[in-house]
Amino acid sequence: MEFTTPADVLKRNLLAVQDYSLLSLRSVTNLFRRPLYVADMIYQADLIGVGSLPIVVLAGTFMGAVLALDYSPTLQQFGALSLTGQLVSISLVREIGPVLTGLMVAGRNASGMASELGSMQVTEQIDAMRALGTDPYKKLVTPRVVSTTCMLFFLTIIADLVGLIGGWLMSILTLGLDTFQYCNIAYQSLKFSDVFTGLVKPVLFGFIISTIGCYYGLNTRGGTQGVGRSTTQAVVVASVFIIAADFFVAKLLLFFFG
Amino acid sequence: MHMSTSGNGLTNTIHKAIIFQDVAIAFEDQPLLDGVSFELKRGETKALLGVAGSGKSTILKLCLGLIKPDSGKIYVLGHDVTAMDEEELFNLRNMVGIVFQESALFDSLTVRENVAFRLMEEKIPEEEIEARVREALRFVELEHTLNMYPAELSGGMKRRVGIARAIITRPEILLYDSPTGGLDPITSTTIIELILKQRDVYKTSALLVSHRLQDGFTLATHSYDPETQHMKPIDGAALRDVLTTFLVLKDGKVIFDGTGPELVAVKDTYIHQYIS
């Protein structure tokens, strides 16, 4: 067995960070260079956005419902059951909506990107594309990054909305609250900072999901086994990065908005 | 000015299809090519021979700038590939076609879309694309596969589609990476006949990586007959004009670079073992 020194491990990891940074940078700078693959962006937006809609709607609805259900006993202890709408709306819009949607899309699309690009890599299709005079970063990476970033933004809004509906259904069906009470408090309690935070996060998460998925896909080695490894790593790393980024963004925005 | 300095003075790079000057590359500290130098004349076909892992396919990838050498210079149609960035290389690659070892067809695209890939990227009018795709597929006798997917094709058919994809832009250089590898003798002969037809009809320069020595010798001893549309043996006198040469690699170095008769006459034990 070959002995790996800590210096080799460090070097390899630094190289990976460098490669990932370069891929991320190129995915953005390619937006200002011709050709721009608009048709591929629309196709990917359909695949990522419309394709993820059912799971996001289902997960969002149940998450809103469970928030209302789980926290109602605590709120009731303080005689604040009427604030259920506030709890559900702030939790969903600021935190749970973006993170939950991000994790769902990471599971579905980071894996899809890593396995698709990984298969292309191991069967020399990426080299063939370069040999045919087409930049794979422009043709494959940038459309995926643009589409995921845009579509995650809209998917999060939908997840927030259906989550609020889920919470509302629980409130009127099991908690005995009326519709006006729930909707009014849910709407009134939301501040600009909550909405802004909730809409900045999906943009960042979309970028993380797509760049991680593409990075692992394009760096796949070792045949079909390698494709499987890349797919798993892409989902795991994207999920961890989303949760870590969520913390740092929350901290940063708290600094600005207080 | 397309000139480069080499050991024996100035070399005119524009009049040669490919020039390798003292090229070296290593993977994970293991040298693969060590001071490889050769020239491919315009219109010449050079068969690269060597055992598996001797760096033959790497030479093709180096020609296209898909990988960069650790040292040395590579000139393709007068352009210094080692000094060009990826953006500049994309333009050069339009003049060079490559047929990959495992075809490397885009599996989510049809045969038509695979062959037309370059033309579609260049936004060429649809009617022209259709005509040129049909012409390229007719050349490889696969016009009927237009709407099929690569998964529906046999190994030999995939290689022929790969050839059609490589020749559609009428490149000045063609690089064949083991085009007959893993194929039966009859299909292999069909592929070699196509390579020969491309050489004789379009006068394309080519590098041919092959494990099969007879592929190179067939190219050196046959020519394409437009009347019968098949290859035919050429007589001894004409053999001198046939631009098919051989290059043998061993341990990362070129141990032979010359014509077929010179290869047969060489005294080296390794080469004798290889060709026998």
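What you see below is based on every heavy atom in this structure, not just the backbone, and it leaves out hydrogens, waters and symmetry mates. Chain letters run A, B, ... following the sequence lines, proteins first and then strands; every chain starts at 1.
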So if I take each residue of residues 123-134 of chain A and look for any heavy atom under 4.5 Å from a heavy atom in chain B, which residues do I end up with? A:T123, A:E124, A:Q125, A:D127, A:A128, A:M129, A:R130, A:A131, A:L132, A:G133, A:T134
Whether over 12 other heavy atoms sit under 6.0 Å from A:K11 NZ: no
Residues of residues 219-245 of chain A with any heavy atom under 4.5 Å of a heavy atom in chain B: none
If I measure from the heavy atoms of chain A, does B:L105 come under 4.5 Å with its side chain, its backbone, both, or neither? backbone
What part of B:F117 gets closer than 4.5 Å to chain A, counting heavy atoms only: side chain, backbone, both or neither? side chain
Neighbour count above 12 (heavy atom, 6.0 Å) for A:F62 CZ: no
Measure B:E86 against the heavy atoms of chain A and call it side chain, backbone, both or neither at under 4.5 Å. side chain
Can you tell me which portion of B:N91 sits under 4.5 Å from chain A's heavy atoms? Options are side chain, backbone, both or neither. neither
Within a reach of under 6.0 Å around CZ of B:F27, are more than 12 heavy atoms found that belong to other residues, nucleotides or ligands? yes
Are more than 12 heavy atoms from other residues, nucleotides or ligands located less than 6.0 Å from atom CZ of A:F154? no
Do you know which of B:E102, B:R165, B:K61 has the most heavy-atom pairs with chain A at a distance under 4.5 angstrom? B:R165
With only heavy atoms counted, which part of B:K123 is less than 4.5 Å from chain A, the side chain, the backbone, both or neither? neither
If I measure from the heavy atoms of chain A, does B:L66 come under 4.5 Å with its side chain, its backbone, both, or neither? both
